[in-house]
Amino acid sequence: MDFNDSTQEAKFREEVSAWLNDNVPSAKEMNGLDYLEKAKLWQKRKYDAGWACIRWPVEYGGRNASPIEQVIWNQEESKHDTPESIFVIGHGMCAPTMMSWASDDQKRRYLPKLASGEEVWCQLFSEPAGGSDLAALRTRAERDGDDWVINGQKIWTSGAHYSDYGVLVVRTDPTAQKHQGLSYFFIDMKSPGIEIKPIKQISGSSNFNEVYFSNLRVPDAQRLGEIGQGWQVALTTLMNERAAIGGGGGGVNFDSVFDLAKKVNKNGRPAIEDSQVRAKLADWYVQESGLKFAGYRSMTALSKGEMPGPENSIGKLVGAPKQQDMASFALDLLEASGSIWDENFSESNGLFQATFMASPGGRIAGGTDEVMANIIAERVLGMPQDMRADKGIPFTEIPTAQKT
Amino acid sequence: MNFEFSDEQQLLREQAQSFLADNCSIKKVRETFESDAPYDQKLWKKVVELGWTAASIPENYQGLGLSYLNLCVIAEELGRALAPIPFSSSVYLATESLILYGSEEQKSSFLPRLASGELIGCFASDETRADSSLEGLQTNFSNGRVSGEKIPVADGGIADFAIVLAKKEDSNSSAFIVDLNSPEVERIPVKSIDPSRDQAKLVFHDAPAEELGNQDSGNIILDTVYDRAAILFAWEQVGGSDTALNMAKAYAMERFAFGRPIASFQAIKHKLANVYVKNTLARSNCYYGAWAISTNSEEIATAAASARLSSTQAFYFSSKENIQTHGGMGFTWEFDCQIPYRRARLLAANIGSEAIWQEKLISSIEANKAA
């Protein structure tokens with residue numbers, strides 16, 4: 001056992017590190033740019049030098065890199081202060097779906113511009129009536145000549161307001177069983193018939209949107225998969241949620257709470273000397289190190305050219321509630337001042353308050369804690385699916401809040 | 001990145017699993033558990049024949065001189081099988097104490113006999129109701145003899161010798177080797193929360209003793225031995241924790257209620273998913289421990305505490321939720337759920353509680369950050 005790179009990996013890491021050192025945009029270069037411009041500038045620079053989407057085929061702008069090289073790239077990039085990415089969904093979920101289901105012409109047209117950051121993509125899946133139960137979605141598509149006419153509403157669409165294209169699942173046959181009446185399209189987000197309304201989150205920011213379709217026309221040529229095959233295509237998208245290994249995480253972690261406990265007093269002594277504080281910190285430390293070393297085990301599998309084991313599936317289920325609990329604990333350490341969220345006054349510019357308010361989202365986005373626990377129970381432990389009230393009947397006859 | 005056991009170690013794991021399936025089924029464990037026998041002597045003899053007691057002993061003392069990674073694999077599999085043998089006392093504690101601190105003469109005398117199974121060792125530190133530190137140590141050493149009482153001593157009723165922590169005349173503590181078969185040693189059996197493992201009270205009436213040949217104080221010996229042992233204990237715990245999870249899952253799949261297997265209810269699925277998560281975190285920390293002990297890393301204190309703490313928590317959680325998943329049947333003597341539950345408590349109590357390892361962990365992190 002060792003934590004060392006193989007000779008080949010070390011050489012790759014050196015090459016990546018050298019390129020990053022020379023090319024990460026300086027603060028001066030980014031001065032005056034908004035977050036979209038910054039993100040696009042950095043992505044274009046990577047693309048021009050062959051460092052964008054490195055696992056993709058060369059013809060689409062990648063460099064055919066291996067999974068372990070992707071992890072090494074992520075680790076090295078996370079050492080730098082780079083612009084926040086707006087391409088995670090496009091690169092991580094839309095592109096793999098296009099690679100599996102789009103025509104060669106479409107791949108040549110869309111993938112290189114995704115890689116270069118020239119075009120941004122979003123994912124239009126969840127609806128007010130279908131989140132964890134995605135296949136309950138109701139947005140309708142009806143055939144009209146060579147087009148489909150789409151009406152309905154999507155929700156929680158991150159980045160819809162700055163996206164050029166989006167992938168979309170809709171219901172094309174309401175009389176079929178739930179999963180069989182769906183079809184999958186990609187759409188031009190600038191088309192007429194699309195209205196985007198930002199959703200204000202409890203944290204105060206607005207990263208995602210409601211997207212309304214009124215008689216949006218989409219050419220049939222932009223359908224991915226057969227009519228009625230939308231669920232299978234959607235699974236390709238969902239399976240490609242990036243494995244959260246390598247790279248670093250932001251927000252509150254062991255180190256930030258440990259440092260806080262050294263700064264603040266509890267009962268007249270530094271909080272870090274309090275045995276309860278120490279016990280809590282110890283419990284979080286072993287969660288954090290457990291995740292880190294689970295990641296190392298996955299990297300080992302990748303390094304050997306194998307698939308990572310199921311240990312990789314626990315990251316979000318452990319990490320998201322942990323962030324929330326640690327932020328809450330940190331605010332408790334701050335006593336009365338924990339209730340103040342003022343960047344000019346708050347400890348660490350309000351990091352703990354910001355994490356406290358953002359972390360409930362982490363437990364919901366990309367699969368709730370409960371959905372993640374189901375996935376572990378079913379796919380890792382092999383336990384049976386829950387009994388379902390919607391199996392084997394047409395979509396129109398499934399009980400809802402309105403018609404139980 | 002190579003954070004995995006080698007092919008040779010995986011082969012050892014397969015051999016260990018098949019050997020233990022034949023020789024240490026849960027039915028066999030229950031035989032020891034329900035009998036007056038303090039351990040499964042037949043199993044112990046076979047474990048010795050497989051060379052497991054010799055694994056970490058250097059070759060010049062007739063050991064196998066294998067990597068500590070091999071010992072981690074053995075520990076996990078013995079833990080998984082809930083093996084009722086004094087392996088942890090004799091190998092992780094007594095043998096390791098001698099390897100780390102024994103004089104040349106002591107090593108030459110003891111290690112070959114530990115390797116061959118001629119001797120079983122144990123480790124006698126605790127002596128009060130609730131203090132595992134050496135602060136209030138009452139056992140004394142003077143003129144080559146120890147006096148005092150040690151309770152509880154895991155496997156103290158079956159071991160041939162003990163490593164005994166005692167105070168010297170200058171009131172510094174140290175570790176001593178005491179022959180438990182000498183007439184000045186009284187062994188009093190005590191009942192254990194886990195009857196498949198032996199526990200005893202040892203009373204030393206001026207029993208002949210020799211100091212482990214070393215310069216370190218008792219506290220340093222205790223910390224060093226416990227850090228290394230903690231990693232091996234943690235592997236046993238994580239193995240046992242997997243067994244509790246598998247018991248719960250197997251029962252949930254075959255037990256029907258409301259016309260369906262209880263494994264299809266989210267209440268049960270989420271429970272066992274949480275058990276799996278805790279086991280996975282613990283196992284990953286154990287990997288860190290395995291790396292640290294096999295490379296003599298300077299990070300061993302942090303690695304040991306991480307592995308030990310998360311495995312202790314995982315095994316308690318899985319063993320109690322295993323009973324819960326079984327419902328009323330899990331509370332019956334006839335069902336086996338009590339065995340991992342009891343073993344989890346025993347292993348959690350050996351070598352220091354959760355609170356002690358939480359404190360050790362944060363202290364070691366503070367020391368690393370200060371360095």
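First the proteins, then the strands, lettered A, B, ... as listed; each starts at 1. All values below come from the heavy atoms of this structure, side chains included, with hydrogens, waters and symmetry mates left out.
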Report summary line: Turns out that what part of A:S303 lies under 4.5 Å from chain B's heavy atoms comes down to side chain
Query raised in the report: Closest approach of B:L272 and A:L381, non-hydrogen atoms and distance?
Result: O-CD1, 3.7 Å
Requested in this report: Run the salt-bridge test on A:E370 and B:K269 with the 4.0 Å N-O cut-off and return the result as yes or no.
Outcome: no
Query raised in the report: Out of A:L291, A:I376, A:D2, A:I272, which one racks up the most heavy-atom pairs below 4.5 Å with chain B?
Result: A:D2
Requested in this report: Please flag which part of A:L317 lies under 4.5 Å from any non-hydrogen atom of chain B: side chain, backbone, both or neither.
Outcome: side chain
Query raised in the report: Heavy-atom distance under 4.5 Å to chain B: side chain of A:Q287, backbone, both or neither?
Result: both
Requested in this report: May I ask you to test the B:T302-A:Y285 pair for a side-chain heavy-atom distance under 4.5 Å?
Outcome: yes
**Report entry** Residue B:S294 versus chain A: region with a heavy atom under 4.5 Å
**Finding:** neither
Query raised in the report: So does B:Q10 have more than 12 non-hydrogen atoms from other groups sitting under 6.0 Å from CD?
Result: yes
Query raised in the report: Which class fits the ring pair B:Y288 and A:F293: parallel under 30°, tilted 30 to 60°, perpendicular over 60°?
Result: parallel
Query raised in the report: Does OH in B:Y341 sit with more than 12 non-hydrogen atoms of other residues, nucleotides or ligands closer than 6.0 Å?
Result: no
Requested in this report: Kindly compute the distance separating CE (A:M1) from SG (B:C72), expressed to the nearest 0.5 Å.
Outcome: 7.5 Å
Requested in this report: Examine whether an atom of B:I268 lies under 4.5 Å from a heavy atom of chain A, and if so say whether it belongs to the side chain, the backbone or both; otherwise answer neither.
Outcome: both
Query raised in the report: Quick one: does A:K280's side chain get under 4.5 Å of B:Q358's, heavy atoms only?
Result: no
**Report entry** Which atoms of A:K292 approach chain B - backbone, side chain, both or neither, heavy atom under 4.5 Å
**Finding:** neither
Query raised in the report: Hey, what do you get for NZ (A:K262) to CD (B:E366), rounding to the nearest 0.5 Å?
Result: 7.5 Å
Query raised in the report: Of the listed residues (A:S6, A:G382, A:G290, A:S275), which shares the most heavy-atom pairs with chain B below a 4.5 Å separation?
Result: A:G290
Query raised in the report: Above 12 or not: heavy atoms from other molecules or residues under 6.0 Å from CZ of A:R63?
Result: yes
Query - Greatest number of heavy atom pairs closer than 4.5 Å to chain A - which of B:K360, B:K278, B:E4 - result: B:E4
Query raised in the report: Is B:Y316 atom OH crowded by more than 12 heavy atoms from other residues, nucleotides or ligands, each under 6.0 Å away?
Result: no
Requested in this report: Evaluate whether atom CD of B:E298 has more than 12 neighbouring non-hydrogen atoms of other residues, nucleotides or ligands under 6.0 angstrom away.
Outcome: no
Report summary line: Turns out that what part of A:N4 lies under 4.5 Å from chain B's heavy atoms comes down to backbone
Report task. Provide the closest heavy-atom pair for B:A273 versus A:A373 in the form atom of the first, atom of the second, distance. Result -> CB-O, 3.5 Å
Requested in this report: Report yes if the side chains of A:D255 and B:K369 come closer than 4.5 Å at any heavy-atom pair, otherwise no.
Outcome: yes
Requested in this report: Give a yes or no on whether A:R13 atom CZ has more than 12 heavy-atom contacts from other residues, nucleotides or ligands under 6.0 Å away.
Outcome: yes
Report task. Hey, could you give me the CE/CG distance between A:M299 and B:N2, rounded to the nearest 0.5 Å? Result -> 11.0 Å
Report task. Indicate yes or no: at least one non-hydrogen side-chain atom of A:R297 is less than 4.5 angstrom from one of B:S284. Result -> yes
Requested in this report: Mind listing the closest non-hydrogen atom pair of A:V286 and B:N285 along with its distance?
Outcome: O-ND2, 2.9 Å
Query raised in the report: Counting only heavy atoms not in A:K11, do more than 12 sit closer than 6.0 Å to its NZ atom?
Result: no
**Report entry** Per-residue contact mode, B:A355 against chain A (heavy atom under 4.5 angstrom)
**Finding:** neither
**Report entry** Point-to-point distance, once rounded to the nearest 0.5 Å, from CD of B:Q266 to CG of A:D386
**Finding:** 5.0 Å
Report task. Quick one: pull up CG in A:L281 and CD1 in B:I365 and give me the separation to the nearest 0.5 Å. Result -> 8.0 Å
**Report entry** Which of B:H270, B:K271, B:Q313 touches chain A most, by non-hydrogen pairs under 4.5 Å
**Finding:** B:H270
Query raised in the report: Can you list the steps and then say if B:L309 with A:D283 is a side-chain contact (heavy atoms from CB on, under 4.5 Å)?
Result: CA-CA 8 Å; B:L309 178 58; A:D283 288 352; 3.9 Å; yes
Query - Which atoms of A:F3 approach chain B - backbone, side chain, both or neither, heavy atom under 4.5 Å - result: both
**Report entry** More than 12 heavy atoms of other groups within 6.0 Å of A:E306 CD
**Finding:** yes
